[in-house]
Amino acid sequence: MKLLQNYLNLWNNRKVELDNVAEQEHFQLLLERELNDELTHPRLRKTIHEKFSLAVARIIDSNLPNDDKIELIEAFRDVLGKIENRQKK
């Protein structure tokens, strides 16, 4: 999956664990973990909107082709929307 590979290239310290999870589902979980700032100590965590903004900046500043940048930003935006919908409930 190209999006997963692009993500892993930009966030090179992230691990892929594809045991019994579909690649797309695993990609969604990685993005959700990133936006929830789960790899940071709880007292230092940023909000999901701050993390989204940082992710978009990282993607824009990368040397990925523009089409790949747009796809990755849209994937982050979709996951952000899912997180926000769960928080509203």
Ignoring hydrogens and angles, write down the donor-acceptor pairs under 3.5 Å from the side chains of residues 70-78, residues two or more places apart or on other chains.
none

**Prompt:** Got a second to check how far I83's CD1 is from F52's CZ, nearest 0.5 Å?
**Reply:** 10.5 Å

**Request:** Could you tell me whether R86 and E32 have a side-chain N and a carboxylate O separated by less than 4.0 Å?
**Result:** yes

**Message:** Membership question, hydrophobic clusters at under 4.5 Å side-chain separation (ILVMFWY): are I60 and L31 in the same one?
**Reply:** yes

**Prompt:** Closest heavy-atom contact between Y7 and L30?
**Reply:** OH-O, 3.7 Å

**Prompt:** Rounded to the nearest 0.5 Å, what separation is found between the CG atom of D67 and the NZ atom of K2?
**Reply:** 7.5 Å

**Distance, nearest 0.5 Å, that separates CG of L80 from NZ of K82** = 11.5 Å

**Prompt:** Do L54 and I59 share a hydrophobic cluster (ILVMFWY, side-chain heavy atoms under 4.5 Å, transitive)?
**Reply:** no

**Request:** Calculate, to the nearest 0.5 Å, the distance between atoms OG and CG belonging to S62 and N9 respectively.
**Result:** 9.5 Å

**Asked** Within a radius of less than 6.0 Å around CG of N85, do more than 12 heavy atoms belonging to other residues, nucleotides or ligands occur?
**Response** yes

Report all side-chain donor-acceptor pairs from residues 42-49 shorter than 3.5 Å, counting only partners two or more places apart or in another chain.
unit_1: R45; atom_1: NE; unit_2: D37; atom_2: O; d: 3.0
unit_1: R45; atom_1: NE; unit_2: T40; atom_2: O; d: 2.9
unit_1: R45; atom_1: NH2; unit_2: E38; atom_2: O; d: 3.4
unit_1: R45; atom_1: NH2; unit_2: T40; atom_2: O; d: 3.3
unit_1: T47; atom_1: OG1; unit_2: E50; atom_2: N; d: 3.1
unit_1: T47; atom_1: OG1; unit_2: E50; atom_2: OE1; d: 3.3
unit_1: H49; atom_1: NE2; unit_2: E84; atom_2: OE2; d: 2.5

**Message:** Using the rule that Ile, Leu, Val, Met, Phe, Trp and Tyr join whenever any side-chain heavy atoms are under 4.5 Å apart, tell me whether L39 and L8 fall into a single cluster.
**Reply:** no

**Fill in**
So CG of L10 and CD of Q5: to nearest 0.5 Å the spacing works out to 10.0 Å

**Asked** If you measure from CG on L35 to NZ on K51, what distance do you get to the nearest 0.5 Å?
**Response** 8.0 Å

